[in-house]
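Some notes on the structure that comes next.
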Amino acid sequence: MSRPPSFIPPAGVRAYRLPTARGEFAVLDAAPQGHPKGTALLLPGFTGSKEDFIALHEPLAREGYRTVAVDGRGQFETEGPKDDESAYAQSELAWDVLAQTAALGTPVHLVGHSLGGQISRAAVLLDSTPFLSLTLMSSGPAQISVSQQQRVKLLRDALAVMSMAEVWEAMRSMEPPEETDAGGLDSGLDDLADLRRRWLANSPAQLIATGRQLCTEPDRVAELAAVPLPKHVLSGALDDTWPIALLDEMAVRLQAKRTVVPGAEHSPNTDNPPETARALLEFWNESQ
């Protein structure tokens, strides 16, 4: 299970609300000195947030890349309907990504972690022209593993009848889905308070809708393979959400670059940030 992210942005990272044609989105934006080599848009996973990428900003900026991590609709500091699940249909979230990219005013390297990878794929399939490359980070070809589906279903069932605070307390007493960041609850008071604050800020409708997507996502690898865009499948060395062998196979089907980050599991961005940053830089430099 990954370590919880720091919620304190490092020096040089700006927190603000990015205005787009589809509303405002909370972002963390880190730019290098001088003209950037490129810009990357970073999408977090289920129950995650822009803070999941905090440890990547500095090493990527040092090598000349601007990175913009975003809270999606209904995630943490970006508002969204609390009860209307239709607002979180995958197509709606994909159009949000295209709007975010348009607002940045430049083509971007798109990086999606887990659920964020499937939303990234949907955005690329709608319109690939705003993107320079696509990195699927710990994000598989279709629905999550059966064991993780069972855990996500428990979470969705709980959200249907309990308050967010009640579900938080329940998650502390059981093993949460691999997709969540609640596995770091014993890491200290500050982390616990930050993780709880993030959990309570999420929209229940968003969690229910995207949790359902994770359990029912079809295999769209052939569609994505037909898109003329450089592709990268990046993961840790272990993953219970999508088996590593399945990610290896997906990379072959996509004719994508494949990177396995040592010492990392489902969240290489927090498990081993230096190696994850190195892998992204290598891929982006090759894709320029």
With Ala158, which residues qualify under side chain to side chain contact (heavy atoms under 4.5 Å, CB included), at least two apart?
Met162, Val167
Does Ala21 have any side chain to side chain contact (heavy atoms under 4.5 Å, CB included) partners at least two apart in sequence or in another chain, and if so, which?
none
Check: [Y] and [X] side chains under 4.5 Å, non-hydrogen atoms:
{"X": "Pro204", "Y": "Met164", "value": "yes"}
{"X": "Ser235", "Y": "Met137", "value": "no"}
{"X": "Ser138", "Y": "Pro268", "value": "yes"}
{"X": "Tyr65", "Y": "Asn285", "value": "yes"}

Distance (rounded to the nearest 0.5 Å) between [X] [atom1] and [Y] [atom2]:
{"X": "Thr47", "Y": "Leu155", "atom1": "OG1", "atom2": "CG", "result": "8.0 Å"}
{"X": "Leu125", "Y": "Gln90", "atom1": "CG", "atom2": "CD", "result": "9.0 Å"}
{"X": "Asn272", "Y": "Glu265", "atom1": "CG", "atom2": "CD", "result": "12.0 Å"}
{"X": "Lys82", "Y": "Ser203", "atom1": "NZ", "atom2": "OG", "result": "5.5 Å"}

Per the side chain to side chain contact (heavy atoms under 4.5 Å, CB included) rule, which among Thr135, Val97, Leu42 passes with Leu110?
Val97
Taking every non-hydrogen atom, the tightest pair across [X] and [Y]:
{"X": "Ala201", "Y": "Phe76", "answer": "CB-O, 3.5 Å"}
{"X": "Ala277", "Y": "Leu60", "answer": "O-CD2, 3.7 Å"}
{"X": "Gly74", "Y": "Gln206", "answer": "O-NE2, 3.1 Å"}
{"X": "Gly211", "Y": "Phe46", "answer": "N-CE1, 3.6 Å"}
{"X": "Pro44", "Y": "Val70", "answer": "CD-O, 3.0 Å"}
{"X": "Asn269", "Y": "Thr276", "answer": "N-OG1, 3.8 Å"}

[X]: side-chain hydrogen bond (donor to acceptor under 3.5 Å, both in side chains) partners, not counting sequence neighbours:
{"X": "Ser145", "value": "Ser147"}
{"X": "Thr78", "value": "none"}
{"X": "Arg66", "value": "Asp29"}
{"X": "Asp96", "value": "Arg22, Arg73"}

My understanding is that only residues two or more places apart in sequence, or in another chain, count here; which of them pass salt bridge (Lys or Arg N to Asp or Glu O under 4.0 Å) with Glu24?
Arg17
Residues forming a salt bridge (Lys or Arg N to Asp or Glu O under 4.0 Å) with Asp84, sequence neighbours excluded
none
Summary of salt bridge (charged side-chain N to carboxylate O under 4.0 Å, His left out) pairs that have at least one residue in residues 102-131, sequence neighbours excluded
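Sorted result for residues 102-131: Arg121-Glu217.
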Among residues two or more places apart or on two chains, list those pairs meeting salt bridge (charged side-chain N to carboxylate O under 4.0 Å, His left out) that have a residue in residues 254-264.
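Of all non-adjacent pairs touching residues 254-264, those that pass salt bridge (charged side-chain N to carboxylate O under 4.0 Å, His left out) are Asp248-Arg258, Lys257-Glu282, Lys257-Glu286.
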Can you tell me which residue pairs pass the ring-ring contact (aromatic ring centres under 6.0 Å, His included) test with a partner in residues 127-166, sequence neighbours excluded?
none
Enumerate the ring-ring contact (aromatic ring centres under 6.0 Å, His included) contacts for residues 209-240, please, sequence neighbours excluded, ordered by first and then second residue.
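Output for this query lists His232-Phe283.
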Salt bridge present between Asp52 and Arg198 (N-O < 4.0 angstrom)
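The answer is yes: the pair qualifies as a salt bridge.
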In this structure, are over 12 heavy atoms from other groups packed under 6.0 Å from Lys153 atom NZ?
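Counting neighbours around NZ of Lys153, 12 or fewer heavy atoms of other residues, nucleotides or ligands fall under 6.0 Å, so no.
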